[in-house]
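Both ligands and their constituent atoms are indexed starting at 1 by order of listing. Because the structure is predicted, anything quoted here is derived from the model rather than measured.
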Amino acid sequence: MKHKKQPYRILFVCLGNICRSPSAEAVMKKLVKDAGFASEIEIDSAGILGYHAGEKADSRMRSHAVRRGYKLESISRPVVPADFYDFDLIIGMDDRNIDDLKDKAPDLEAVGKIRKMTDFAENSLYDYVPDPYYGGADGFELVLDLLEDACSGLLKQITASDRDN
Ligand code: 4NP
């Protein structure tokens, strides 16, 4: 973590901010809290689209998540220009999210903050987190499987870089 005094800030981003990124937010918050880093790492989520702004996470996503102990409490909001200054790391779920984030980034420094969630995966061969919105129960379970794996890898990376600096 580069900023020792300020919290390290991570923003998870998907298309609608009602399925994948609110789940990533909840999974990462739990991992960070359980590892004792809650005051050092801040986590939020947002959507490329503002279409679902003001809504809770999708009820199917919430019910799959709660069975694994994650309560999805975030309210959907779109990515805003200030996010590219306020956050240290901006993590999209698929290549389309990454392209859209790069289009929205105000400068090269902001582009440098953008990563893909699956780049942090340790046990999965997926190279994106598939959108579960139009599919069935399996898709929501897959999202949680991929996020648990990738968030664990992400936490290891950011806490290891803290020890190195
Ligand atoms: P998410 O899923 O990007 O994981 O939140 C979606 C939610 C809604 C829509 C698309 C994807 N939508 O088109 O409304």
Side-chain angles (χ1 to χ4, degrees), residues 8-33 41-106 110-155 157-158:
Y8 189 76
R9 305 194 73 205
I10 304 168
L11 182 69
F12 293 108
V13 175
C14 63
L15 188 59
N17 191 213
I18 55 168
C19 295
R20 293 165 293 173
S21 60
S23 300
E25 179 184 343
V27 168
M28 193 66 186
K29 275 185 174 163
K30 185 168 188 303
L31 281 174
V32 162
K33 185 171 176 240
I41 302 173
E42 284 184 10
I43 300 146
D44 194 6
S45 67
I48 297 294
L49 303 175
Y51 185 70
H52 293 281
E55 295 177 17
K56 285 184 183 175
D58 183 281
S59 60
R60 299 163 297 172
M61 193 73 252
R62 279 188 281 133
S63 67
H64 283 273
V66 86
R67 281 186 237 147
R68 298 194 192 197
Y70 308 112
K71 193 155 185 241
L72 305 195
E73 293 179 315
S74 68
I75 300 296
S76 178
R77 70 162 181 92
V79 172
V80 295
D83 290 328
F84 290 95
Y85 301 101
D86 291 344
F87 288 90
D88 299 292
L89 201 53
I90 299 174
I91 301 178
M93 298 294 140
D94 58 32
D95 289 327
R96 188 174 157 203
N97 298 159
I98 301 299
D99 287 347
D100 289 340
L101 284 167
K102 284 180 179 168
D103 285 347
K104 288 177 185 289
V111 170
K113 297 177 175 183
I114 299 167
R115 300 277 186 285
K116 192 163 60 172
M117 184 83 262
T118 45
D119 290 345
F120 300 96
E122 296 183 307
N123 298 308
S124 146
L125 295 177
Y126 276 80
D127 64 358
Y128 70 107
V129 181
D131 181 353
Y133 192 68
Y134 294 105
D138 288 358
F140 292 92
E141 289 298 315
L142 176 62
V143 165
L144 292 166
D145 288 342
L146 296 175
L147 293 178
E148 286 178 335
D149 179 31
C151 285
S152 167
L154 170 61
L155 181 61
Q157 277 201 23
I158 56 181

Next item on the list: Report the C-alpha separation of Tyr8 and Glu42 in whole Å, then their side-chain angles, then the decisive distance to 0.1 Å, and conclude whether the side chain to side chain contact (heavy atoms under 4.5 Å, CB included) test is met.
Entry: CA-CA 6 Å; Tyr8 189 76; Glu42 284 184 10; over 6 Å; no
Checklist line | salt bridge (Lys or Arg N to Asp or Glu O under 4.0 Å) partner of Asp83, the single match among Arg9, Lys113, Lys104, Arg77 | finding: Arg77
Next item on the list: Report the C-alpha separation of Arg115 and Leu154 in whole Å, then their side-chain angles, then the decisive distance to 0.1 Å, and conclude whether the side chain to side chain contact (heavy atoms under 4.5 Å, CB included) test is met.
Entry: CA-CA 11 Å; Arg115 300 277 186 285; Leu154 170 61; over 6 Å; no
Next item on the list: Might you confirm whether atom OH of Tyr126 has over 12 heavy atoms from other residues, nucleotides or ligands at distances under 6.0 Å?
Entry: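 Open.
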Next item on the list: Check the surroundings of atom CZ in Arg96: do more than 12 heavy atoms from other residues, nucleotides or ligands lie under 6.0 Å from it?
Entry: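 At most 12 heavy atoms, drawn from other residues, nucleotides or ligands, come within 6.0 Å of this atom.
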Check: What residues, two or more places apart in sequence or in another chain, satisfy ring pair (Phe, Tyr, Trp, His ring centres under 6.0 Å) together with Phe140?
Finding: His64
Write out each pair where an N or O from ligand 1 and one from the protein are under 3.5 Å apart, with the distance.
unit_1   : atom_1 : unit_2 : atom_2 : d
ligand 1 : 2 (O)  : Asp131 : OD1    : 3.2
ligand 1 : 3 (O)  : Leu15  : N      : 2.9
ligand 1 : 3 (O)  : Gly16  : N      : 2.9
ligand 1 : 3 (O)  : Arg20  : NH2    : 2.9
ligand 1 : 4 (O)  : Arg20  : N      : 2.9
ligand 1 : 4 (O)  : Arg20  : NE     : 2.8
ligand 1 : 5 (O)  : Asn17  : N      : 3.3
ligand 1 : 5 (O)  : Ile18  : N      : 3.0
ligand 1 : 5 (O)  : Cys19  : N      : 2.9
ligand 1 : 14 (O) : His52  : NE2    : 2.7

